[in-house]
Asks: 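Below are the structure tokens for one structure; questions will follow.
Positions are given from 1 along the sequence.
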Amino acid sequence: MTSSQQLPSVEVTALPDDVRPLDVREADEWAAGRAPTAVHIPMSELAGRLADLPADEDPLYVICRSGGRSARVVAYLVAQGYPAVNVDGGMQAWATAGRPLQSDGPGQPEII
């Protein structure tokens, strides 16, 4: 894939209500605030965990904090033959759009 090609991407507001995004952020970011339906595979672990990708998601909506890491993951997954789409604006856009959030702590979920 050349850098001039556009990666598949979607705005948060265009995601299906029952979406199960692939969250590629690190564990501390995941614990602080995430989509309740998300699947967590940190970008640093992805190459070794391709078997953990949800087989019933087509396409895979990939999300990170702001869209940078997820864009790199989408480029990698598309090159491997997976139907991956980058979520523009990441979890920051998710939260701004009023989509549901959950966290591991007792406080309000936050995007870090």
Asks: Provide the closest heavy-atom pair for Cys64 versus Val24 in the form atom of the first, atom of the second, distance.
Replies: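 Nearest heavy atoms, Cys64 then Val24: CB-CG2, 3.9 Å.
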Asks: Rounded to the nearest 0.5 Å, what's the gap from CG on Leu77 to CG on Leu46? Could you check?
Replies: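 Output value for this atom pair is 5.0 Å.
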Asks: Any chance you could measure Ile41, atom CD1, to Leu60, atom CG, to the nearest 0.5 Å?
Replies: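 Going from CD1 on Ile41 over to CG on Leu60, the span is 8.5 Å.
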Asks: Side-chain contact, heavy-atom cut-off 4.5 Å: Ile111 with Leu101?
Replies: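 Side chain of Ile111 against side chain of Leu101, heavy atoms only: contact under 4.5 Å found.
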Asks: Please report the shortest heavy-atom distance between Asp23 and His40, naming the atom on each side.
Replies: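 Scanning both residues completely, I find the closest heavy atoms to be O-CD2, 3.4 Å.
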Asks: Among all residues two or more places apart in sequence or in another chain, which pass the side chain to side chain donor-acceptor pair (under 3.5 Å) test with Glu11?
Replies: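 Checked Glu11 against side chain to side chain donor-acceptor pair (under 3.5 Å); zero matches.
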Asks: Counting only heavy atoms not in Asp28, do more than 12 sit closer than 6.0 Å to its CG atom?
Replies: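 Yes - once you tally the heavy atoms of other residues, nucleotides and ligands closer than 6.0 Å, there are more than 12.
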Asks: With rounding to the nearest 0.5 angstrom, report the CD to CD distance, Glu110 to Glu29.
Replies: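 Nearest 0.5 Å value for the CD-CD distance: 11.5 Å.
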Asks: State, to 0.1 Å, how close Arg34 and Asp104 come at their nearest heavy-atom pair, and which atoms those are.
Replies: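 Scanning both residues, the minimum pair turns out to be NH2-OD1, 2.7 Å.
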Asks: Between CZ of Arg25 and CZ of Arg69, what distance do you get to the nearest 0.5 Å?
Replies: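 Those atoms lie 7.5 Å apart.
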Asks: Are Val19 and Val62 co-members of a hydrophobic cluster defined by side-chain heavy atoms under 4.5 Å apart?
Replies: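 No: no chain of side-chain contacts under 4.5 Å links Val62 to Val19.
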Asks: Kindly indicate whether the side chain of Thr37, heavy atoms from C-beta on, has any atom under 4.5 Å from the side chain of Asp18.
Replies: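 When only atoms from C-beta onward are counted, Asp18 and Thr37 do not touch, as no gap falls below 4.5 Å.
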Asks: Search all heavy atoms of Met91 against all heavy atoms of Ala35 and return the closest pair with its distance.
Replies: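 That would be CE-N, 3.6 Å.
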Asks: Name all pairs fulfilling the salt bridge (charged side-chain N to carboxylate O under 4.0 Å, His left out) condition that reach into residues 47-57, sequence neighbours left out, sorted by first residue then second.
Replies: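 Non-adjacent pairs meeting salt bridge (charged side-chain N to carboxylate O under 4.0 Å, His left out): Arg20-Asp56, Arg20-Glu57, Glu45-Arg49, Arg49-Asp52.
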Asks: Closest heavy-atom contact between Pro8 and Ala84?
Replies: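 Scanning both residues, the minimum pair turns out to be CG-O, 3.4 Å.
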Asks: Could you tell me whether a side-chain N or O of Ser70 sits under 3.5 Å from a main-chain N or O of Asn86, the two making a donor and an acceptor?
Replies: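 Answer holds: no.
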Asks: Which heavy atom of Arg65 sits nearest a heavy atom of Ile112, and at what distance?
Replies: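 What the structure gives for the nearest pair is CD-O, 3.2 Å.
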Asks: Quick one, Pro16 and Tyr61 - any side-chain contact, counting heavy atoms below 4.5 Å?
Replies: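 Yes, their side chains come closer than 4.5 Å.
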Asks: Report yes or no: do Val74 and Val10 belong to one cluster of Ile/Leu/Val/Met/Phe/Trp/Tyr joined by side chain heavy-atom distances under 4.5 Å?
Replies: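 No, separate clusters.
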Asks: Kindly compute the distance separating CG (Leu50) from OH (Tyr76), expressed to the nearest 0.5 Å.
Replies: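 Interatomic distance, Leu50 CG to Tyr76 OH, rounded to 0.5 Å: 4.5 Å.
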Asks: When rounded to the nearest 0.5 angstrom, what distance separates CG in Leu53 from CG in Leu22?
Replies: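 Rounded to the nearest 0.5 Å, the CG-CG separation comes out at 6.0 Å.
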Asks: Does one hydrophobic cluster hold both Val78 and Val39, with members joined at side-chain heavy-atom distances below 4.5 Å?
Replies: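 Result: yes, single cluster for both.
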Asks: Please tell me whether Val87 and Leu7 are part of a single hydrophobic cluster in this structure, the criterion being side-chain heavy atoms less than 4.5 Å apart.
Replies: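 Not linked; separate clusters.
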Asks: Give a yes or no on whether the backbone of Pro100 and the side-chain of Trp94 come within a donor-acceptor separation of less than 3.5 Å.
Replies: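 Flag set: sc Trp94 to bb Pro100 pair under 3.5 Å.
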